Student: 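The structure is given below, and queries will be raised subsequently.
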Amino acid sequence: DTGILQIYNPACLLCDSGQSVGLGSIIGLAVTDSFVFSDELTLVLDHKILVRVSLREEDCIGPEAAVFQAVSGDIVVFN
């Protein structure tokens with residue numbers, strides 16, 4: 001599914017070697033895998049680019065950490 005990912009909590013973009021990646025370089029990439037840990041959501045994109053979103057309570061900015069809204073209308077909320 002294609003859609004929109006909105007991130008509210010602190011996040012970082014990294015390639016698999018740990019180097020920072022610019023926001024413009026992820027536009028149009030697909031999510032190939034995802035992992036949820038107690039303190040972090042990790043999305044793996046094409047080309048092994050990682051989007052790491054903090055799920056720590058002290059980093060909470062809004063009512064949720066991130067939201068994905070698919071074109072189909074499905075919504076996934078990460079708290």
Side-chain angles (χ1 to χ4, degrees):
D1 246 352
T2 59
I4 298 170
L5 175 65
Q6 297 173 310
I7 298 173
Y8 301 103
N9 281 8
C12 61
L13 305 171
L14 307 166
C15 63
D16 62 343
S17 68
Q19 286 188 312
S20 293
V21 175
L23 185 59
S25 65
I26 69 166
I27 295 171
L29 297 184
V31 175
T32 59
D33 209 346
S34 63
F35 305 95
V36 178
F37 302 101
S38 62
D39 65 346
E40 181 180 276
L41 163 67
T42 299
L43 302 173
V44 181
L45 307 180
D46 292 332
H47 313 296
K48 297 182 182 177
I49 293 176
L50 306 176
V51 178
R52 292 185 170 162
V53 181
S54 175
L55 297 179
R56 298 179 339 162
E57 189 173 325
E58 59 267 25
D59 288 338
C60 186
I61 293 171
E64 55 267 340
V67 176
F68 176 74
Q69 184 169 3
V71 172
S72 66
D74 292 333
I75 297 174
V76 179
V77 176
F78 301 94
N79 290 343

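No hydrogens, no waters, no symmetry mates; every other heavy atom, side chains included, goes into these values. Owing to the predicted nature of the structure, the values given are computational and were not obtained by experimental measurement.
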Student: Cluster question for you: counting only ILVMFWY and a side-chain heavy-atom cut-off of under 4.5 Å, with indirect links fine, are Val76 and Leu5 together?
Tutor: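 They do share one cluster, since a chain of ILVMFWY contacts under 4.5 Å joins Val76 to Leu5.
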
Student: Could you state the interatomic distance from CD1 (Ile27) to CG (Leu45), rounded to the nearest 0.5 Å?
Tutor: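 Output value for this atom pair is 12.0 Å.
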
Student: Can you name the residues that form a side-chain hydrogen bond (donor to acceptor under 3.5 Å, both in side chains) with Glu57, not counting sequence neighbours?
Tutor: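 Once residues adjacent in sequence are excluded, Glu57 has no partner under the side-chain hydrogen bond (donor to acceptor under 3.5 Å, both in side chains) criterion.
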
Student: To the nearest 0.5 Å, how far apart are CD in Glu64 and CD in Gln6?
Tutor: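 Reported to 0.5 Å precision, the distance equals 8.5 Å.
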
Student: Do Cys12 and Leu50 come close enough that some side-chain heavy atom pair is under 4.5 Å?
Tutor: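 They are not in side-chain contact.
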
Student: Which heavy atom of Pro10 sits nearest to which heavy atom of Ile61, and what is that distance?
Tutor: CD-CD1, 4.2 Å

Student: Using the rule that two of Ile, Leu, Val, Met, Phe, Trp, Tyr join whenever any of their side-chain heavy atoms come within less than 4.5 Å, decide whether Val36 and Leu13 are in one cluster.
Tutor: yes

Student: Got a second to check how far Leu43's CG is from Ile26's CD1, nearest 0.5 Å?
Tutor: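 Between Leu43 CG and Ile26 CD1, I get 9.0 Å after rounding to 0.5 Å.
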
Student: State, yes or no, whether a side-chain contact exists between Ile7 and Phe78 at a heavy-atom distance under 4.5 Å.
Tutor: no

Student: Between CD1 of Ile49 and CG of Leu14, what distance do you get to the nearest 0.5 Å?
Tutor: 10.0 Å

Student: Are any of the side-chain heavy atoms of Asp74 and Phe68 separated by less than 4.5 Å?
Tutor: no

Student: For Asp59, check salt bridge (Lys or Arg N to Asp or Glu O under 4.0 Å) against everything at least two apart and list the hits.
Tutor: Arg56

Student: Do Asp46 and Thr32 come within less than 4.5 Å of each other through their side chains, counting heavy atoms only?
Tutor: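 Yes. Closest side-chain heavy atoms under 4.5 Å.
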
Student: Begin with the C-alpha distance, continue with both residues' side-chain angles, and end with the deciding distance and a verdict on side chain to side chain contact (heavy atoms under 4.5 Å, CB included) for Asn9 and Leu41.
Tutor: CA-CA 10 Å; Asn9 281 8; Leu41 163 67; over 6 Å; no

Student: What's the shortest heavy-atom distance between Leu55 and Ala65, and which atoms?
Tutor: CD2-CB, 3.4 Å

Student: Consider only side-chain heavy atoms of I, L, V, M, F, W and Y, link residues closer than 4.5 Å, and tell whether Val21 and Val31 are in one cluster.
Tutor: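 Same hydrophobic cluster.
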
Student: Could you tell me which non-hydrogen atom of Val77 sits nearest to which non-hydrogen atom of Asn79, and how far apart they are?
Tutor: CG1-OD1, 3.4 Å

